[in-house]
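Starting from 1, each residue takes its place in the sequence as its number.
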Amino acid sequence: MFCRCSAPPTRPQTKNKIKTPPTRRISRRRPELLLPEVGGRPRARPGRQRPRLRAAPQTRATAEGQTHSKTSKPPPPNAPTPAHQVNPYLPTTMAPSPPAPLFLLLALAGLAFAAAQPPLPPWQQPTTNASDADALRAVFQQWGLENGGTVTAEDPCRKLVWFPSFATNASIGCSCDGSTGQCRITHLNVTGYLNLTQIPPALFNLTELISLDLSSNNLTGPIPPEIANLSKLETWHFNNNQLNGSFPNEASRLTSLQSLWMFDNYIEGTLPEFIANFTNLTDLRIYGMKLQGPIPNNFSNLINLETLMLGDLDGGNSTLEFIASWANLSTLSLRKCGISGQLPNVLPNLPNLKYLDLGSNNLSGRIEPLLSYRSSGPLYIGGNNFSGNLPSEMVQSSRPLDVSYNPFLNGSLPDNPAGQKRSINYIGTSIDASRTINSENLTLLNCLNMKECNYNNLITSLSVNCGGKQMTYPDSSSNTFYDDTSELGAVGFHVNTDRQWVVSQVGSDPLSDSPGIVNASEVLLGIDMPELYRTARTSRSDLWYYVVGLSKGKYTVQLFFAEIVIKSELNNGPGRRSFNIDIQDQNIRTDFDISKEAGGLGRPTNITHEVTVENSVLKIHLYWNGRGTRRIPYEGAYGPLVSAIRVFPPENPINSPPPAQPEPVPQDNNSEDNKRRGVVAGIAALCIAAAVISSSVVYLWWKWVSLVKHPNA
């Protein structure tokens, strides 16, 4: 929500004297802002200023003109008030409260009067500082955002908003000083423009900026060192771009920063240590780039943090020593940060912690120290090397817990409470779950974990409709896509013992409740089996599909995709999904973008890959790599997404829905002969048509001549 303010109005007085009411200078730390309203419409300008209320006098006059001292002895509480005297303990300068209807009428009249006030003439409205206006115009002109010349023709602090929409935004905010009649540009938001590739030098002439949001564009190149000119910045977001190079040392001067988002770029080098000097930071997000660790220990100076999200750091062994007793911290995500070593016996006190992710690191030792965070909300510690017994106190029905792929973690799961289902994933561990699941599921999971796998009923094919109900492909009775509608929540897995496959999910968005199964609002047309793409399973981190009990040999794996979350009307907007794909622990796709692969949003595509199965288990792993947009069209719309999976022997291929861009069908000699016959038949048809038309023309000409010669006929 944005507001518009203007210089205080002046009112002409009698005798040609103009008295200017006193003005209030706006402080630097808390300026009044001229910011755009929702929808780009500014607020109406305020009317005349309300007069100041003065303090009540020390003595109060009665109806008879008498006064009572402030120290007069008060009458008894129930003493009647004489008819000729006003109660001295009520302010007599205030009229009795009017009845409710009268009060409403007065309020409506006041609003009508304020709305009827004429706007200030242009010469009395505040104007944008000349240097700020020139800098903004230069920036918008280089970016091609002139909007038909309105950027150069209008005063920026009176325009405020250009091109407001869901996908794109170009707007500013201003702080105005009534005593000088000038406004400085303090906020600049330009987001969602994929045609923006360069950072204009004039941007760094806007030295009064306190908020700069350039996220979800297509900016390239390094961050200019002139960023140091914007030393008053409190919010700096440049996530979801293509920036590269190292993080400039000049940025160390931005010590007023409170929110720094720099994820999903190609910035490289070591994680800057000077960030620890930004002690005002409350929100720090750095992941999905090419930065290297370790995490500096002096990050413990960031005592005001509320959200800390670090991830995807290469090299350098980090530890947890940088975590301090941050009283305000609610979200701590350290996924894939190269953290190694054991947990300290006593972890820092984090009283407001609601989300903790230590997944995909190299932590070892016992996990008992994490019991101090057992009431903190979701806990993700999968993909480490923890050992010892899983404490039963850590397993709670109301708390998502991921301990998957800690092969040395053992112990037994406690009995499930009656009527409750635990949200836990322990695949890839040595935990005994015999007290919580049936024998068939246990047999399949033991095979999955390579403990023992003595399946007699071996299979050679499988098809799954990810996120959807069972359906059969009409051209092949053996090609049935099996139901996959089980809700897995933030953490969980589902075992299908009939068809010997497992789906496993780990991950949730720390700031929203995002669905694990998504549905298309529109049916995809022009393709075979459009229903196959109406649903999909998605995850905010890791999604696995396992096929158990496959015969030894070679197989073809087909993965079916369609981007059904990011809508087609944003096809030219900034929404983008990115994730990686592994099959049998081998990476086959990095930064996989469904819409780019399919040639557009809402279009189907598939990937085909050949694998060899040796141990009767096929593993398909789709996982988020820290890249892509996170908030389009809603918070948490990111991570892997898949519509269907099919596995079959390559020597017995099964008909499948075509990909988005089908290859031309090869033609043989018979088709060439048919083509020649078609051409001959077409020529003959044209000749016949020409003869008919010619005969008709000759007949009509003959009739016309007859009428001319014999008009009375």
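Using the six-membered ring where Trp is involved, Tyr287 and Phe263 have ring planes that are parallel, under 30° apart on the 30 and 60° scheme. Ring geometry for His237 against Trp261 counts as parallel: the plane angle stays under 30°, on a 0 to 90° scale with 60° as the upper cut. Using bins of under 30°, 30° to 60° and over 60° for the plane-to-plane angle, the ring pair Phe274/Phe247 lands in the parallel bin.
Between the CG atom of Asn410 and the CG atom of Asp432 there is a distance of 10.0 Å, given to the nearest 0.5 Å. Distance check, rounded to the nearest 0.5 Å: CZ of Arg422 to CD of Gln396 gives 10.0 Å. For the atom pair OG (Ser318) and CG (Leu334), the distance works out to 9.0 Å, reported to the nearest 0.5 Å. Taking CG from Leu462 and CG from Leu618, the interatomic distance works out to 9.0 Å, rounded to the nearest 0.5 Å.
Within the structure, side chain to side chain donor-acceptor pair (under 3.5 Å) contacts touching residues 346-370 (residues at least two apart or in different chains) are Asn362-Asn385, Arg366-Glu368. Contacts classified as ring pair (Phe, Tyr, Trp, His ring centres under 6.0 Å) and involving residues 200-226 (residues at least two apart or in different chains) are not found. Here salt bridge (charged side-chain N to carboxylate O under 4.0 Å, His left out) pairs that include residues 294-320, with residues two or more places apart or in two chains, are Asp312-Arg335. Among residue pairs with one or both ends in residues 241-252, none qualify as side chain to side chain donor-acceptor pair (under 3.5 Å); sequence neighbours excluded.
There is no side-chain donor-acceptor pair under 3.5 Å between Thr191 and Asn189. Neither side chain, Tyr638 nor Ser514, offers a donor N or O lying under 3.5 Å from an acceptor on the other. Inspection of the Thr590 and Asn625 side chains reveals no N or O donor paired with an N or O acceptor under 3.5 Å.
With sequence neighbours excluded, no residue forms a salt bridge (charged side-chain N to carboxylate O under 4.0 Å, His left out) with Asp542. With sequence neighbours excluded, the residues that form a side chain to side chain donor-acceptor pair (under 3.5 Å) with Ser215 are Asp213. Not a single ring-ring contact (aromatic ring centres under 6.0 Å, His included) links Phe299 to another residue, sequence neighbours left out. A search for salt bridge (charged side-chain N to carboxylate O under 4.0 Å, His left out) contacts involving Glu614 returns Lys552, not counting sequence neighbours. Residues forming a salt bridge (charged side-chain N to carboxylate O under 4.0 Å, His left out) with Arg285 (at least two apart in sequence, or on another chain): Asp283. Considering only residues two or more places apart in sequence or on other chains, Tyr555 meets the ring-ring contact (aromatic ring centres under 6.0 Å, His included) condition with none of them. In this view, Arg627 and Asp264, Asp591 satisfy the salt bridge (charged side-chain N to carboxylate O under 4.0 Å, His left out) rule, not counting sequence neighbours.
For the pairing with Asp509, the salt bridge (Lys or Arg N to Asp or Glu O under 4.0 Å) check across Arg630, Arg540, Arg631 returns one residue only, Arg630.
Put simply, the side chain of Trp544 does not reach to within 4.5 Å of the side chain of Ile427, judged on heavy atoms. Thr282 has its side chain out of reach of Asn328: every pair of non-hydrogen atoms, C-beta onward, lies at least 4.5 Å apart. At least one side-chain heavy atom of Leu488 sits under 4.5 Å from a side-chain heavy atom of Arg537. Using a 4.5 Å heavy-atom threshold, the side chains of Ile607 and Phe592 count as touching. Taking 4.5 Å as the limit, some side-chain heavy atom of Pro224 sits within range of a side-chain heavy atom of Ile199. When side chains are defined from C-beta on, Cys447 counts as touching Val617, because their heavy atoms get closer than 4.5 Å.
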Side-chain donor-acceptor distances from residues 338-348 under 3.5 Å, at least two apart:
none

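The local environment of NZ in Lys619 is crowded, with over 12 non-hydrogen atoms from other residues, nucleotides or ligands closer than 6.0 Å. No more than 12 heavy atoms of other residues, nucleotides or ligands shown are found within 6.0 angstrom of CD on Glu273. In Asn195, the CG atom is crowded: over 12 heavy atoms of neighbouring residues, nucleotides or ligands sit closer than 6.0 Å.
A centroid separation of 6.0 Å or more is found between the aromatic rings of Phe278 and Trp236.
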